[in-house]
Protein chains: 4
Amino acid sequence: MKQNASKPLLRRRKPTQARAQITVDAMLDAAVKLLKRGGASSITTNRIAATAGVSIGSVYQYFPNKHALFAALHERHIRQVDAILRKRTAECAESSLEELVQAWIEGMAEAHAKDPELAELLQSEVPHRAAGTAEFSIRLHTCFRAALAPHAGSFRRKTDLDTRTFITANMVEALGHALVSRRPRGLSLTRAKAESSKAILAYLAS
Amino acid sequence: MKQNASKPLLRRRKPTQARAQITVDAMLDAAVKLLKRGGASSITTNRIAATAGVSIGSVYQYFPNKHALFAALHERHIRQVDAILRKRTAECAESSLEELVQAWIEGMAEAHAKDPELAELLQSEVPHRAAGTAEFSIRLHTCFRAALAPHAGSFRRKTDLDTRTFITANMVEALGHALVSRRPRGLSLTRAKAESSKAILAYLAS
Amino acid sequence: MKQNASKPLLRRRKPTQARAQITVDAMLDAAVKLLKRGGASSITTNRIAATAGVSIGSVYQYFPNKHALFAALHERHIRQVDAILRKRTAECAESSLEELVQAWIEGMAEAHAKDPELAELLQSEVPHRAAGTAEFSIRLHTCFRAALAPHAGSFRRKTDLDTRTFITANMVEALGHALVSRRPRGLSLTRAKAESSKAILAYLAS
Amino acid sequence: MKQNASKPLLRRRKPTQARAQITVDAMLDAAVKLLKRGGASSITTNRIAATAGVSIGSVYQYFPNKHALFAALHERHIRQVDAILRKRTAECAESSLEELVQAWIEGMAEAHAKDPELAELLQSEVPHRAAGTAEFSIRLHTCFRAALAPHAGSFRRKTDLDTRTFITANMVEALGHALVSRRPRGLSLTRAKAESSKAILAYLAS
DNA sequence: CATGAATGAGTGTTCATTCAT
DNA sequence: AATGAATGAACACTCATTCAT
């Protein structure tokens, strides 16, 4: 369904791999810079080129159109969050449920820590039709589900695992996001993380 | 000679205001229609006018610029959600904590039921700088907090009320949203609502 | 050639004469106000109406279009200058050539004194195609010529009177204008007037 | 990668600048054409582009906005007049006062000869806020003053040189302008020039 | 007569995209 | 490959003008 479902498409920039990736990253970074400066409406292809120190022609060498650039922007961010969460999950293969949930919350916090406003801006300003969001959701759901499975015995109610995962994943995402960027003053990051973990654990234990 | 020198003008204002509201609503509805059809980028002032069946000049009689129109779009939606949630909350003044939480989830479901994709699109595509979002958040937090206060005695841990409210409000919003628009097939709306309520109650009881 | 060459047209606003003239003046004054504030481009019919405290409909009761309003603006100003110059000239029927020329320069200074920038702005910003400018020029030329005629004997060279008048009128206008609005600091108005008169007299004596 | 890192780019700039001047001139010429056809109000950026045979985008590559284009229009004209007058003045460094004054009048006539209505239209229709008009006036005043200085001994009255220059410059401009575009039929250009020169000389001799 | 909401052609300007070099 | 001048469709917005009340 997506445009990278098959190998041929991946070849698009194979040859000059390294240089290409640097250029692409420069352009995406430029887009982020512009996004932060003036919102989504100030991201124009010409400005991206200028900010990235590249000609406008080069932008179109790597992206067929502006939309693809936006999609790449989302994808890069999603890939980061995805990587962090999967790594944390993998590290907790043998851990207790409590440690697992804490790792997730910690992972969300880590993912947003280095650039708290980026996620917000990306979410709220940059159109993400057809970015890999859906695909990412499914992958993460699968990952979460697998991590939760070994602990299913400790859940009091006999809810099916998909439902548990659905609720849990949404809580992780929502609380992970909120505690970084909407946390009221007076509530420390540490306490917010602890409280979020407790909320999720309380649900899972129920 | 001045435009407010005589009564007739004031009397004429009333019907005008009613008509004005109809016109304004027609324009906002047109914007929503366009938003659903082709995303935020397909909302243009001229298209709004055409779709709403008014002249472009009339759009600018009611909104100083496109931004103000976007803000009004958000505001109208926010006001609806706000009204529903406050009403539900008010109705549960004497109820149990369980009924209160269920009412909130029910309210979120109701708010999104008639137009599930609108909230999503509004959130993710329409820039909402300086819309009354922040103000709304505070009002809702206050409302939630007041509703939670009478039940504070039943919470096992002695977490402060603002933290409780913060976590709870985010759960209500996230789960309320998710259960309407991201719920996996295989999970009925009824069960999703029940599960969401249980999650929140588990947290509050903890 | 002009639209007030015959009597019927003068009837346009006869009945309510007094009130009409007040309204028309209010509108022209509003236009002048706007002109001074923001240049010709800030004169819009709606703004004129608002500034004059009149409805936009009323503006179109008195002027068929914006152009006519501009023409009226020029005409009113021209009429003032014309009146002053004719009066001064008439007063010098028995006077010496020197007194006559001084009266003209004095008249120009007087005409621009109360609103020095208006003439400049009118000239340089407000389009005056088909305003009564040409007609005014002819009338003034005739007036000047008649006033100069009795002194023709004192001119050294035997240049024809029309040429004399042409040069003289242009000098009066140019110097009269320049001494009010472009005079360099260091040159007093009195000396500028004296010097201008001397220049014209030197020419006429030649 | 940056746009000024290598010499080739500088070499390419040269031909570009020549082409650019041609394009700019085409656009200014188009503006003049439109101005003559339908007055200042018929000059629109899109029409300029169409008339000049370039795209509207190109207009904005050379001018940041319409105002800058108007300013350039004035500047080009002013530069022409300035150049002519300075050249004529320079040629008369050793000449008599009479020759100098005749050269000025001749210069004004020359400047307006090839396009008599342009100066008039530029002056009366095209807004010239912040065009280099003032600067030009000063330069010309300085030029005139220097040219007049050697002849100051022949002036009968002991008026200071700045005042002399002020009056003279205004006469040159006004008469030079009038003799080209407002001269009454019956007065030949040759005689108008002669008479204008005599007027200025009579003043200077006085 | 006066009003002012409504109109919509038209304006200045932007910006995604192309393509000759 | 990389460049960036050129393009022109499309945009947000203005304003002279009309006309029902």
Side-chain angles (χ1 to χ4, degrees), chain A residues 13 15-16 19-20 23 41-50 54-69, chain B residues 1-3 5-6 8-9 12-13 15-16 19-20 23 41-50 54-67 69, chain C residues 15-16 19-20 23 41-50 54-69, chain D residues 1-3 6 8-9 12-13 15-16 19-20 23 41-50 54-67 69:
Chain A
R13 289 271 91 223
T16 16
R19 285 177 114 313
T23 307
S41 68
S42 74
I43 310 182
T44 73
T45 51
N46 283 290
R47 279 213 267 258
I48 286 172
V54 163
S55 77
I56 177 65
S58 288
V59 173
Y60 281 85
Q61 204 98 41
Y62 292 99
F63 298 101
N65 53 46
K66 200 192 182 187
H67 235 81
L69 205 153
Chain B
M1 211 171 251
K2 266 279 138 66
Q3 67 255 63
S6 53
L9 276 164
R12 203 164 12 184
R13 195 76 95 219
T16 300
R19 291 196 133 236
T23 307
S41 68
S42 74
I43 311 181
T44 73
T45 52
N46 283 290
R47 279 213 267 259
I48 287 173
V54 300
S55 76
I56 177 63
S58 289
V59 173
Y60 282 87
Q61 205 119 43
Y62 292 102
F63 298 101
N65 51 48
K66 201 193 182 186
H67 235 82
L69 205 152
Chain C
T16 16
R19 285 177 115 313
T23 305
S41 68
S42 74
I43 311 181
T44 73
T45 50
N46 283 289
R47 279 214 267 256
I48 287 172
V54 164
S55 78
I56 178 64
S58 289
V59 173
Y60 281 84
Q61 205 95 41
Y62 292 99
F63 298 101
N65 53 45
K66 201 194 184 188
H67 234 81
L69 204 152
Chain D
M1 211 172 250
K2 266 280 140 60
Q3 67 254 63
S6 53
L9 276 164
R12 204 165 11 187
R13 195 77 96 220
T16 301
R19 291 196 134 239
T23 307
S41 68
S42 75
I43 310 182
T44 74
T45 51
N46 284 287
R47 279 213 268 258
I48 286 172
V54 298
S55 77
I56 177 63
S58 289
V59 173
Y60 281 86
Q61 205 121 42
Y62 293 102
F63 298 101
N65 53 47
K66 200 194 185 188
H67 234 81
L69 207 152

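In what follows, every chain begins at residue 1, and chains take the letters A, B, ... in the order their sequences are listed.
The minimum heavy-atom distance between Y60(C) and T45(C), with the atom names listed, is OH-CG2, 3.6 Å. The minimum heavy-atom distance linking T23(C) with Y62(C) is given by the pair CG2-CE1, 3.9 Å. Scanning all heavy atoms of the two residues, the minimum distance from V54(B) to V59(B) falls at CG2-CG2, 4.2 Å.
If you take CZ of F63(B) and P of dA6(E), they are 13 Å apart, rounded to a whole angstrom. Whole-Å rounding puts the Y62(D) OH to dG4(F) P distance at 14 Å.
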Protein N or O to nucleotides 8-11 of chain E N or O, pairs below 3.5 Å:
| unit_1 | atom_1 | unit_2 | atom_2 | d |
| --- | --- | --- | --- | --- |
| dG8(E) | N7 | G57(B) | N | 3.3 |

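Here S41(A) pairs with nothing under the side-chain contact (heavy atoms from CB on, under 4.5 Å) rule; sequence neighbours left out.
The residue among Y60(A) and Q61(B) whose nearest nucleotide of DNA chain E is located toward the 5' end is Q61(B).
Secondary structure note: stems in DNA chain F built from 3 or more consecutive Watson-Crick or G-U wobble pairs under 3.5 Å occupy E:2-21 with F:2-21.
A donor-acceptor pair under 3.5 Å links the side-chain atoms of S55(B) to the main chain of S58(B), judged by distance alone.
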